[in-house]
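Take a look at the structure set out below.
Start at 1 with the first residue, then count along the sequence.
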Amino acid sequence: MSELLQCQGLTMRFGGLVALDGLDLTLGSGEILGLIGPNGSGKTTFFNLLTGLYTPTDGRIHFAENDMTTASPQRIFESGVARTFQRSRLCLPLSVFDNIVIGSHRHQQHGLWSSLTRRSALAAEIDYQFDNATELLRGFSASLVMRMNEPVASLTMIDRRRVEICRALIGKPKLLLLDEPSAGMTFDETRALMDDLLVVKARSPELSVILIEHEMSVIERVTESCIALNFGKKIAEGRYRDVAADSQVQAAYLGTVT
């Protein structure tokens, strides 16, 4: 397995608050990594660093053999990193298709002037993107394909999550960051969404995924390894069952000590 992402001593301070403290992390191509820890442990801060929303106070980020420590969000996205958010960032009045195609702009070939002067080429690109969106949606839910032109506001929570993940995937990323995709969903909905994710992953074995999740059943089922954070520090790393059995993890996250 080739190395896709390497973080060395990754640190983020906000004044006197250390949100992430010297994190070392390596992710291989095609690997699914879980990230667990209590609220405020640094998980989303880590995602914000990976996507360029924050610039680390210290440490380095290497992605696909390039130093991305101080790269802009645009450059990071163009290099193949996509994400979802715990709180939905969908444009509810827009259609399912419109929301998904927003995520494909790094592959779009037409700017404003070209779109105005080469209408046939623009129409061909829209058809191409519609086919891509259809293929992605079909991998999650065949019924959603029939609702491509409906506003996202009309969808259930699980279908909105599906649309968000499709929006991230349509840009053909190398690394997909999922921030608590089960938030706001029932147990059965969460299980169905993870079924979808495993199908998508089987179709794209080279895709790497980092999953932030509070539902331990999801981490156990989906990930190959996981990292536990507390107060910004890595306190355990390895297979889920080993991490969950760690006394520091139980004290910090599960609430018990054996």
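- By the rule that hydrophobic residues join a cluster once side-chain heavy atoms approach within less than 4.5 Å of another member, L92 and M157 end up as members of one cluster.
- Residue F47 comes nearest to T51 through the heavy atom pair O-OG1, 2.8 Å, listed as atom of the first residue, atom of the second, then distance.
- Across all non-hydrogen atoms, the minimal contact from D196 to G139 is OD1-O, 4.4 Å.
- Side-chain contact between T190 and V218 is present, with heavy atoms from C-beta onward closer than 4.5 Å.
- Between T223 atom OG1 and E213 atom CD the span is 10.5 Å, to the nearest 0.5 Å.
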(request) Check the pair I100, V163 against side chain to side chain contact (heavy atoms under 4.5 Å, CB included), reporting the backbone distance first and the verdict last. (result) CA-CA 6 Å; I100 293 175; V163 171; 3.9 Å; yes

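- Residues S217 and M194 have side chains not in contact (no heavy-atom distance under 4.5 Å, counting atoms from C-beta outward).
- A salt bridge is absent between D188 and R191: the closest approach of a Lys/Arg side-chain nitrogen to an acidic carboxylate oxygen does not fall below 4.0 angstrom.
- In this structure, the side chains of V222 and V209 stay at 4.5 Å or more apart for every pair of heavy atoms.
- Checked options T26, I61, L33; the residue passing with L5 is I61 (criterion: side-chain contact (heavy atoms from CB on, under 4.5 Å)).
- In this structure, the side chains of I210 and L175 come closer than 4.5 Å at one or more pairs of heavy atoms.
- Summarising the geometry, atom OG belonging to S72 is positioned 12.0 Å from atom CZ belonging to F77; distances are rounded to the nearest 0.5 Å.
- A salt bridge between E164 and R161 is present, with a side-chain N of the basic residue lying under 4.0 Å from a carboxylate O of the acidic one.
- Across all their heavy atoms, G34 and I219 have their closest contact at CA-CD1, 3.9 Å.
- P56 places a side-chain heavy atom less than 4.5 Å from the side chain of T69.
- V18 and F231 fall into different hydrophobic clusters, where Ile, Leu, Val, Met, Phe, Trp and Tyr are joined by side-chain heavy atoms under 4.5 Å apart, directly or via other members.
- For the pair L211/P181, a side-chain contact is recorded, criterion being any heavy-atom separation below 4.5 Å from C-beta on.
- Remark: D179 engages R83 in a salt bridge, criterion side-chain N to carboxylate O under 4.0 Å.
- Although no hydrogens or angles enter the test, the distance criterion places no donor-acceptor pair under 3.5 Å between the side chain of K234 and the main chain of G22.
- Atoms CG and CG, on L197 and L176 in that order, are 7.5 Å from each other to the nearest 0.5 Å.
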(request) Test side chain to side chain contact (heavy atoms under 4.5 Å, CB included) on E237 and D24 and set out the steps. (result) CA-CA 11 Å; E237 181 175 10; D24 294 327; over 6 Å; no

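- Taking both residues in full, the closest heavy atoms of F46 and L35 are given as CD2-CD2, 3.7 Å, listed atom of the first, atom of the second, then distance.
- The CD1 atom of I165 lies 11.5 Å from the CG atom of L137; values are rounded to the nearest 0.5 Å.
- Qualifying side chain to side chain donor-acceptor pair (under 3.5 Å) partners for R160, counting only residues two or more places apart in sequence or in other chains: none.
- Scanning both residues, I36 and K43, for their nearest heavy atoms gives C-CD, 3.7 Å.
- Under the 4.5 Å side-chain heavy-atom criterion for ILVMFWY residues, no single connected hydrophobic cluster contains both V101 and M146.
- Taking a 6.0 Å sphere around CD of E135, one finds it holds 12 or fewer heavy atoms contributed by other residues, nucleotides or ligands.
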(message) Pair L49, L23 - check side chain to side chain contact (heavy atoms under 4.5 Å, CB included), show working.
(response) CA-CA 12 Å; L49 289 168; L23 177 63; over 6 Å; no

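- Using the six-membered ring where Trp is involved, F14 and Y54 have ring planes that are perpendicular, over 60° apart on the 30 and 60° scheme.
- By the neighbour-count criterion of 12 heavy atoms within 6.0 Å, atom NZ of K233 is sparsely surrounded, having that number or fewer from other residues, nucleotides or ligands.
- With N99 contributing its side chain and C91 its backbone, the two residues share a donor-acceptor pair below 3.5 Å.
- From R138, atom CZ reaches atom CG of L144 across 11.5 Å, with rounding to the nearest 0.5 Å.
- The line from CD1 of I235 to OG of S247 is 9.0 Å long, rounded to the nearest 0.5 Å.
- Between P38 and N230, some side-chain heavy-atom pair lies under the 4.5 Å cut-off.
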(request) Kindly determine whether V200 and R203 satisfy side chain to side chain contact (heavy atoms under 4.5 Å, CB included), including the steps that lead there. (result) CA-CA 5 Å; V200 169; R203 292 175 178 172; 5.7 Å; no

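- Both F130 and V96 belong to a single network of hydrophobic side chains, linked directly or stepwise wherever heavy atoms of I, L, V, M, F, W or Y lie under 4.5 Å apart.
- Side-chain N or O atoms of T57 include one that pairs as donor or acceptor with a backbone N or O of R13 at under 3.5 Å.
- Pairs of residues two or more places apart, or lying in two chains, that qualify as salt bridge (Lys or Arg N to Asp or Glu O under 4.0 Å) and include a residue from residues 55-71 are R60-D67.
- The two atoms that bring G28 and S208 nearest to each other are O-OG, 3.0 Å, heavy atoms only.
- At distances below 3.5 Å, not a single donor-acceptor pair connects side-chain atoms of N66 with backbone N or O atoms of M68.
- E180 places no side-chain N or O within 3.5 Å of a backbone atom of I212 that could act as its donor or acceptor partner.
- Linking ILVMFWY residues whenever their side-chain heavy atoms come closer than 4.5 Å, directly or via other members, leaves M12 and F85 in distinct clusters.
- Between H214 and N39, some side-chain heavy-atom pair lies under the 4.5 Å cut-off.
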